[in-house]
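Read through the structure below, which is laid out as C-alpha cells, and then see the notes.
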Number of protein chains: 2
Amino acid sequence: MSDMPSCQFESRPRRIVIGAGGAQTDFCTTCSVRPTSVCSVIGPDDISRLSDAAVETIIPPGRGFIEEGAPATDFFNVTSGTVKLFKALPDGRRQITGFASPGHFLGLAVSDNYAFGAEAVDTVRVCRFSRDKMADLLDDFPKLERRLLEEASNELVAAQNQMLLLGRKTARERVASFLLDQMHASQLPGQESSGGRLHLPMTRGDIADYLGLTIETVSRTLSWMRSQGMIEVGKGYAITILSVPKLDVLAAGNT
Amino acid sequence: MSDMPSCQFESRPRRIVIGAGGAQTDFCTTCSVRPTSVCSVIGPDDISRLSDAAVETIIPPGRGFIEEGAPATDFFNVTSGTVKLFKALPDGRRQITGFASPGHFLGLAVSDNYAFGAEAVDTVRVCRFSRDKMADLLDDFPKLERRLLEEASNELVAAQNQMLLLGRKTARERVASFLLDQMHASQLPGQESSGGRLHLPMTRGDIADYLGLTIETVSRTLSWMRSQGMIEVGKGYAITILSVPKLDVLAAGNT
DNA sequence: GGAACGCATTGATTTACATCAAACCATCCG
DNA sequence: CGGATGGTTTGATGTAAATCAATGCGTTCC
C-alpha cells in the first residue's frame, strides 16, 4: 500500500500566503504520501478535476491556520508534519483535543464555523480544499465519503479513549497511555520499527495541554518513569521506551 | 419536520429476547419519531427493503445492550429514551462518554469490536440493524451515508467540547456546562420550551461518571448552586434552572 | 409495620496535582 | 564572548476534589 502512485497535480504553480510573513504555497504536487489521504481515495485519474480546488500549503512550526470560531471556509488533508487541534477557554486555559498526522482530515464540521483551532507543531504540509466544493466533491466521489465516515469513526473512538483518560486516569496513567499511543502511531505500516525510540514533535506544554495536566506534572512524571527504568529521556524531543510491559500495566490502571 | 409520515414496517411481528428475563421485541413499528432517524433518511417507500434487517427492541432501565470489546454485530438507532455510552478501566473506574437520545446512531465503529459499552438509562427503544448488511445499506441509500457522516461530525464536536470540560474545567464549571447542555437538548425543535424545568433521566452517579467527578462532588456542587440561587433541586430527577446567565458565566470559566 | 436497599446529602480528613519559585541548559544573536 | 530567550527540571507550598464516614429518605418487599 505504501508504494501506490504518487498523485501529481498537473496545473501550473500558484503562490499564496498564510498570515503576515506567512507560508508560501503552490498547487498540491504530492497530495498523497500515505494510503489514507485524499488522492489515494479518489485515484490519480481524477486529479485534474480537483486541481483548481486543492492547494498545497506549507505551514511553519507554531503557525496557526484554523481559528476556533472563525467561518469554516476550508477543509484540509494533512500530508506531512504534525498538527495540534485545540479548544480554549476565555481565560486562556487550553485543551489539545488531538494531534493530526499525515492522512488526517481537518475541518469536517457541519457547522459554518470551526469548532476548534489548529496550529502546526513542526513544519506541516496540507492540501487545502474549499468547503463550498465539498458537497460536489462528495457527490462525485462516493469513495471519499466512505473514507471520511471511516475517518470520523476512528476519531470518535480516539476521542472516547481520550475522555476516559481525561476523566478517570491518574497523571502517571495518562503519560503512560500517551507514550504507548505515540509508539503505536510511529509503528504504522510503512514506517520502520524503531525499537522504542520516539521523536515527539511537541513540547512538554503541548503534552500537558493534551493530557489535561501541567508542564510540571508531565516533567515530574517522565522523571519518575526514568527512575523506574521504564523510559530514557534524551536530548530535545527524544524519548526511548525501555519497557513496554511496565507502561502497559500503568496505562491500564493496574497500579 | 416533526409531522413527517411515521415509518411502518409491514412485516409480521417477531419476538426476540435480550439477556436473561430480558426485553421483548417486535419488528420496528415506528422506527422514526424525529427527523434525524434512519427512516426519515431513507424514506417510507424503502422500508420493505429493510424489514428483514431492522428489529425494534425495547430495553428496560439499567440493562446493558452493548458490551465494550464484544464483537460488533449490530448497529442501532435510538427511537426513544436515553442511552448511556461508557468505557471502563479494569479496576472499575468508569467514564460515560455520552448520552444518546432519540435519533442517535450507535455502533458506527469500523472495528470488529465495540469500543464502548451501552446501557439504557430509562426505558429505551432502539432499531437494531445487522452490521453485515450495513455496507449494502450504505450502497443502496447514499443519503444514509451522508446522514451518518453528519452525525459523526456532530458527535466529534461534542466529544471535543467534552475533552475541554474534562481536561480543563473545574467542578463548578463542569456541572454548569452539563446543565446548560441538558437544557439546550431539551429545547430542540418539536419540544415545548419548559421554562428551565429539566427532567434528568440519569442518577448522580451517572452525572459524576460523565463529568469525571465523584457523586459527592456533584451533589455538593448542586447544593452550592442552589445556595447561589442558580437552580432549584426538586424531588427525584427534577432540576429547575433559575438563572441561565449565572450558569453561562460559570460554564465559560469567567469565574 | 419495619427491615433492607438504592440513592442522595452533608461533614471531616486526606491527597494528587496545581501553583509558586528557582535553577538549569540549550540556542540564538548583537 | 555574554546576555537574552524559551523550554525543561526540580523543590516547597497550597488547594480543589477525592476519600472516608455518617445520616436521611423514598421504595420495595416480607
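Note that this is a predicted model, so its numbers are computed, not measured.
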*Decide, yes or no, whether a salt bridge links A:Glu119 with A:Arg63 under the criterion of side-chain N to carboxylate O below 4.0 Å.*
no
*So is B:Arg128 actually on top of B:Phe76's ring, under 6.0 Å and inside 45° of the axis?*
no
*Taking A:Glu151 for its side chain and A:Phe105 for its backbone only, find out whether a donor-acceptor pair lies under 3.5 Å.*
yes
*asked:* Under 4.0 Å, heavy atoms only, any strand: does A:Gly212 hit a base, just the sugar-phosphate, or nothing?
replied: sugar-phosphate
_For A:Glu67, I'd like to know if atom CD has over 12 heavy atoms of other residues, nucleotides or ligands within 6.0 Å._
no
_chain B footprint on DNA chain D, 5' to 3' - any atom under 4.0 Å from a heavy atom_ = D:dA17 to D:dG26
*asked:* Any carboxylate oxygen within less than 4.0 angstrom of a Lys/Arg side-chain nitrogen, looking at B:Glu173 and A:Arg93?
replied: yes
*Charged N-O contact under 4.0 Å between A:Arg94 and A:Asp209*: no
*Return the value, rounded to whole Å, for the distance between atom CD of A:Glu173 and atom C1' of C:dC17.*
14 Å
_Just the rounded figure in Å: distance from P of C:dA16 to CZ of A:Arg174._
14 Å
*Measure up the B:Phe178 and B:Phe99 rings against each other and bin them: parallel (under 30°), tilted (30 to 60°), perpendicular (over 60°).*
tilted
*How many Å lie between CZ on A:Arg93 and P on C:dC17, as a whole number?*
18 Å
*Spell out protein contact along nucleotides 7-12 of chain C as letters: B when the base is contacted, S when just the sugar-phosphate is, - when no protein heavy atom is under 4.0 Å; keep the 5' to 3' order.*
-SBBBB
*Are B:Arg226 and B:Glu232 within salt-bridge range, i.e. N to O under 4.0 Å?*
no
